[in-house]
Amino acid sequence: MQQHYVSPVYGEGKFNCPTCFAFAQQDWYEINDAENGFYNLIIKNDLTRIVDSEILSSFQKNGYATNNVTAISICFQCDHPSIWVKGRLVYPMASVAPLPNPDMPEDVMKLYNEAREISSLSPRASTALLRLAVELLLPQVGAKKAKIDNMISQLVGMGLPKEVEKALDSLRVIGNEAVHPGTIDTGDNSDIAIALFKVLNIVVDRLITQKKEIDELYSLIPEEKIKGINNRNSKAITPQP
């Protein structure tokens with residue numbers, strides 16, 4: 001099971017540092033224009049949330065004001081700063097997307113990491129790459145190579161859990177929208193892209209990691225016990241619909 005990852009989010013007190021990747025407390029600072037040719041440095045445990053959503057509606061992200069000159073979060077673990085402008089992480093230019101599940105197939109992981117590298121610069125491009133990653137993944141978890149919609153249908157016929165079906169369709173449809181814009185705007189929506197990274201990891205966990213863990217445990221059963229299980233299954237009666 002992969003380690004839980006919390007993406008860096010503007011104004012939040014804890015997340016995985018984009019420099020050292022540790023999940024750590026973040027100390028926040030704001031630099032504001034003092035309107036006299038100088039700047040004010042404001043030290044805060046966290047940035048002040050906007051209570052009234054109508055106030056500064058064009059200068060907020062995640063409920064925090066973004067109309068400062070810049071904001072800085074400093075990692076308690078490594079002491080390195082991250083710099084935020086208008087609520088967006090601009091330094092370091094590290095991805096805020098979660099790391100790939102280590103059980104992800106190599107060719108799928110290559111596309112996943114490519115999508116991570118550009119996720120901050122272009123959520124649309126990273127979303128399109130994730131859709132392609134799904135297309136590579138499905139033949140490796142039991143589907144015969146075909147259009148992605150047909151491959152999902154094949155897996156549904158093989159007993160694919162409903163939640164995994166929904167996850168795959170989310171990646172398929174939103175990925176298509178990234179390439180052929182329709183009703184879902186992925187152009188500058190990093191939240192959608194980050195959610196899709198998480199969803200792909202969930203799919204890999206359900207279809208590969210959990211199966212591998214169960215198979216490893218099952219392999220510990222003595223051979224004579226396996227024969228007994230197989231004999232039992234051969235006599236099983238299929239319930240009538």
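In this text the structure is predicted, and so the values were computed from the model without any measurement.
Annotation: side chain of Y218 is in contact with side chain of I226 (closest heavy-atom distance under 4.5 Å). Contact annotation: the side chain of S82 never approaches that of P8 to less than 4.5 Å [non-hydrogen atoms, C-beta and beyond]. Side chains of I208 and L137 form a contact here, defined as non-hydrogen atoms less than 4.5 Å apart. Between K144 and Q154 there is a side-chain heavy-atom pair separated by less than 4.5 Å. When side chains are defined from C-beta on, F23 counts as touching V6, because their heavy atoms get closer than 4.5 Å. Side chains of L130 and V199 form no contact here, defined as non-hydrogen atoms less than 4.5 Å apart. In this structure, the side chains of L168 and L160 come closer than 4.5 Å at one or more pairs of heavy atoms. Counting only heavy atoms from C-beta outward, the side chains of I74 and H80 never approach each other to under 4.5 Å.
Between W28 and W84, the two ring planes are tilted [angle within 30° to 60°].
For the pair K147 and E135, the salt-bridge criterion is not met [side-chain N within less than 4.0 Å of a carboxylate O].
Not a single donor-acceptor pair under 3.5 Å links the side chain of R131 to the backbone N or O of L171. Counting only distance, with no hydrogens or angles, the side chain of R172 and the backbone of I148 share no donor-acceptor pair below 3.5 Å. Of the possible donor and acceptor atoms, one in the side chain of N201 sits under 3.5 Å from a partner among the backbone N and O of L99. Listed for the T127 side chain is a donor-acceptor partner under 3.5 Å among the backbone atoms of P123. A donor-acceptor pair is defined here as one N or O able to donate and one able to accept, closer than 3.5 Å; no such pair exists between the side chain of E165 and the backbone of P161.
Here D103 contributes atom CG and T209 contributes atom OG1; the two are 3.5 Å apart, rounded to the nearest 0.5 Å. Atom CG of N113 is separated from atom CG of L129 by 11.0 Å, given to the nearest 0.5 angstrom. Rounding to the nearest 0.5 angstrom, the gap separating the CD atom in Q210 from the CG atom in D215 is 12.0 Å. A distance of 11.5 Å separates CG of L111 from CD of E106, quoted to the nearest 0.5 Å. E224 contributes atom CD, which lies 10.5 Å from atom CD1 of I229 (distance to the nearest 0.5 angstrom). The line from CD1 of I83 to CG of L89 is 9.0 Å long, rounded to the nearest 0.5 Å.
The shortest non-hydrogen separation linking C17 to C78 is SG-SG, 3.8 Å. Closest non-hydrogen pair, R116 versus P98, comes out as NE-O, 3.1 Å. The minimum heavy-atom distance between A125 and I118, with the atom names listed, is CB-CD1, 3.5 Å. Pairing each heavy atom of A146 with each of M151, the nearest pair is O-CE, 3.2 Å. Contact between E163 and R206 at its shortest, heavy atoms only, is OE2-NH1, 2.6 Å. Considering all non-hydrogen atoms of both residues, A71 and Y10 come closest at CB-CE1, 3.7 Å.
Atom CD of E216 has more than 12 heavy atoms from other residues, nucleotides or ligands within 6.0 Å. Atom CD of E223 has 12 or fewer neighbouring heavy atoms from other residues, nucleotides or ligands inside a 6.0 Å radius. Annotation for F76: atom CZ does not count as buried by contact number, only 12 or fewer foreign heavy atoms lying within 6.0 Å. Q77 CD: 12 or fewer foreign heavy atoms inside a 6.0 Å radius.
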message: Go through it in stages, so that I can follow the logic: the residues are S73 and F15, the test is side chain to side chain contact (heavy atoms under 4.5 Å, CB included), and I'd like the CA-CA distance, side-chain angles, deciding distance and then a yes or no.
response: CA-CA 11 Å; S73 57; F15 49 70; 4.1 Å; yes
query: Can Q140 and D107 be said to form a side chain to side chain contact (heavy atoms under 4.5 Å, CB included), step by step?
result: CA-CA 11 Å; Q140 301 183 60; D107 55 347; 3.1 Å; yes
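M158 and V134 end up in the same hydrophobic cluster when Ile, Leu, Val, Met, Phe, Trp and Tyr side chains are linked at under 4.5 Å. Two different hydrophobic clusters hold I194 and V9 under the rule that ILVMFWY side chains link at heavy-atom gaps under 4.5 Å.
In this structure, the ring of Y112 has its center less than 6.0 angstrom from the ring center of F197.
Side chains of N16 and S7: no donor on one and acceptor on the other come within 3.5 Å.
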